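Here is the structure we will look at, set down as structure tokens.
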Amino acid sequence: MTDTRPSLDIKTVSTTPFPDQRPGTSGLRKKTRVFMQPHYLENFVQSVFDAIREEIGGFTHQTLVVGGDGRYYNRPAIQTILRLAVANGFGRVLIGRGGLLSTPAMSAVIRRRSALGGLVLSASHNPGGPDADFGIKYNIRNGGPAPEGVTERIYQRTLNIAAYRTVTVPDIDLDHQGETTISRTQVIVIDPLADYAAVMEDLFDFGALRKLFRSGFRLIFDAMHGVTGPYAQELLEKRLGAPAGTVIHGAPLEDFGGHHPDPNLVHAAELVAAMAERDAPDLGAACDGDGDRNLILGRTFFVTPGDSLAIITEHAQRSIPGYRTGLAGVARSMPTSTAVDRVATALGVPCYETPTGWKFFGNLMDAGLCTVCGEESFGTGSSHLREKDGVWAVLCWLSILAATRTSVEKIVQAHWQRFGRSYFQRYDYEDLDVKQATEMVAVLRTKLTTLVGTSLSGSRITVADDFSYKDPVDGTVTERQGLRIVLADGSRIVCRLSGTGTEGATLRVYLERYQKDAVNEGIEQVLAPLTHVALHLLELRERCGRDKPTVIT
Ligand code: VG1
Ligand code: CO
């Protein structure tokens, strides 16, 4: 690709606002057909540009990165965004080859190439296709998701937009690396793997991991037909010498093979079955559609995300060169289990508790206050980037296994022996009536104040509130981030409505009970009293007509 196209006519297209473009927990997510309506994507992208232009003036010397998880509508959306970026005068646009960039790779590219920001096209772990889901998220200069102040400004713009700017130009070739100039914009199709792989080589001891695989260690990595297939093949099979076939479902597909690319015990059923065999591999792992979530399995053994976060924190300094000098601190979202808190105390570092969503970790990491962070929703990451990072988590576990030469289960058991165990589960009730669900949460909110001091399943309630967070770096206050009931024995019930759904409302109920010594009991049994109380307090059946959760994770 060497052609230099002449300067083009930029046109201004009149449009009217869509009232529903407020970004949620992680960008704007809608049904694909909503995004395919005329002007819908254009309005949102122009609003992003207008909102950030306010801050920096023009885009002439700025770089924008664009890429997605390969789902249906990824490619046409990239062509549309490119036209808008050209018309809005960006100096440079970087696009992942094939239109692909995992969410963590987007973060790596923005940071390493000093870009102004990036647009990630993904609805993460939600299914893809014309009748499924699509999404778009703006990441800022630090490589992380735009904070609430920025997304709110974007939303305000979407409510007032009257026109967007675009150019008429044929589609560019996304499948070959190379460079072209459109009008005054340099457009470069980049290798989507290079920056990310370089970050991983910096952090991990690839020699030690190669040795692990040479010793006969077996891994099965399920890319779930999402974006991580090519990343895992490059890193695990090519650079680390894992046998061919280690990566399964490695080809990114527009419909993820008809499945939910959601790495949990329900949707990664094939991997779970493989890990239950008598001669199962040593480690099983899976990532979601856009590569920021991870599932970790030992032989017939599931590592909860909260335990995984705590164990990575516990072993990082000893097992991973990138953390040799120790951790500055750790952070977890409020509903995430408190397992990591106990490790932080043992390490003598602070532990921050944030609202749900990766955007809240950005300031902490930029200020050097925390190194490792995570969420109960299968997300773990560190300050190497500003996104949660699925393949990184797998490399962390490989490093811990290489250093300890023991099994996944023994590592978790040793952790429980030392720190005790946080029994943790999340119940999701999907597709509830929005009005009923909102009212149900509102009613529980009003009951909270009367609960403090009363007793519940054998313990006393010490805190009952709607979580509110004051960012320790910039002082921003974020309210109404989830109802929580905390008991004197450390147990917790947390309820909140999802901010990523595309249909109806989803209620999430998070249950946690800590036991110092009894660490090998049945989880359902340990949590049953809390589950019972949670559903009773919510009046779930009475208000929403629901008894059974859609998924338990
Ligand atoms: C969910 C998870 C949250 C995660 C978010 C984005 O949000 O609970 O922890 O950060 O998804 O993850 P919500 O509002 O639906 O509970 V991803 O992998 O979808 O970018
Ligand atoms: Co994701």
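On a predicted model such as this, the values are computed, not experimentally measured, just so you know. Both counts, for ligands and for their atoms, begin at 1 and track the order of listing.
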Nearest protein heavy atom with distance in Å, relative to atom 2 (C) of ligand 1
Ser377 OG, 3.5 Å
In a check of salt bridge (charged side-chain N to carboxylate O under 4.0 Å, His left out) between Glu387 and each of Lys359, Lys137, Arg293, which one passes?
Lys137
Parallel, tilted or perpendicular: which one describes the rings of Trp358 and Phe361, with boundaries at 30° and 60°?
perpendicular
Provide the number and element of each atom of ligand 1 under 4.0 Å from a heavy atom of Arg508.
8 (O), 13 (P), 15 (O), 16 (O)
Purely on distance, is any nitrogen or oxygen of Gly499 under 3.5 Å from one on ligand 1?
yes
How close does the nearest protein non-hydrogen atom get to atom 4 (C) of ligand 1, and which residue and atom is it?
Glu375 OE1, 3.6 Å
Full working for side-chain hydrogen bond (donor to acceptor under 3.5 Å, both in side chains) between Arg513 and Ser491:
CA-CA 4 Å; Arg513 166 158 289 187; Ser491 302; 3.2 Å; yes
Give the atom name of whichever N/O/S atom in Asp292 sits closest to the Co ion (ligand 2).
OD1
Identify whether the distance between the nearest side-chain nitrogen and carboxylate oxygen of Lys30 and Asp133 falls below 4.0 Å.
no
Side chain, backbone, both or neither: which part of Arg426 has a heavy atom under 4.0 Å from ligand 1?
side chain
Nearest-neighbour protein heavy atom for atom 7 (O) of ligand 1, which is reported as residue plus atom name and distance:
Thr500 CG2, 3.5 Å
N/O/S atom name from Asp290 that is nearest to the position of the Co ion (ligand 2):
OD1
Taking the six-membered ring for Trp, are His260 and His267 parallel (under 30°), tilted (30 to 60°) or perpendicular (over 60°)?
parallel
Is the side chain of Asp466 donor-acceptor paired with the backbone N or O of Gly482 at a distance under 3.5 Å, no angle test?
yes
Which distance, rounded to the nearest 0.5 Å, do you find between the CD1 of Ile493 and the CG of Leu530?
5.0 Å
I'd like to know if the Co ion (ligand 2) has an N/O/S atom from Thr103 within less than 2.8 Å of it, counting both backbone and side-chain atoms.
no
Which is closest to atom 17 (V) of ligand 1 by heavy-atom distance: Ala123, Gly289, Ser124, Pro355?
Ser124
Only heavy atoms count here, so choose which of His125, Lys137, Arg293, Arg29 is nearest to atom 1 (C) of ligand 1.
Arg293
Are Tyr196 and Tyr231, when compared by the centres of their aromatic rings, separated by less than 6.0 Å?
yes
For the Co ion (ligand 2), find the closest N/O/S atom on Asp288 and give its atom name.
OD2
One should read off an interatomic distance between Lys548 NZ and Tyr429 OH, to the nearest 0.5 angstrom, of 8.5 Å
Using heavy atoms and a 4.0 Å limit, tell me yes or no: is Gly357 in contact with ligand 1?
yes
For atom 12 (O) of ligand 1, the closest protein heavy atom turns out to be Lys388 NZ, 2.9 Å
In plain terms, say whether Lys435 and Asp433 are close enough for a salt bridge, that is, a side-chain N and a carboxylate O under 4.0 Å apart.
no
Are any of the N or O atoms of Thr356 closer than 3.5 Å to those of ligand 1?
no
Does only the side chain of Asp288 get under 4.0 Å from ligand 1, or the backbone, or both, or neither? Count heavy atoms.
side chain
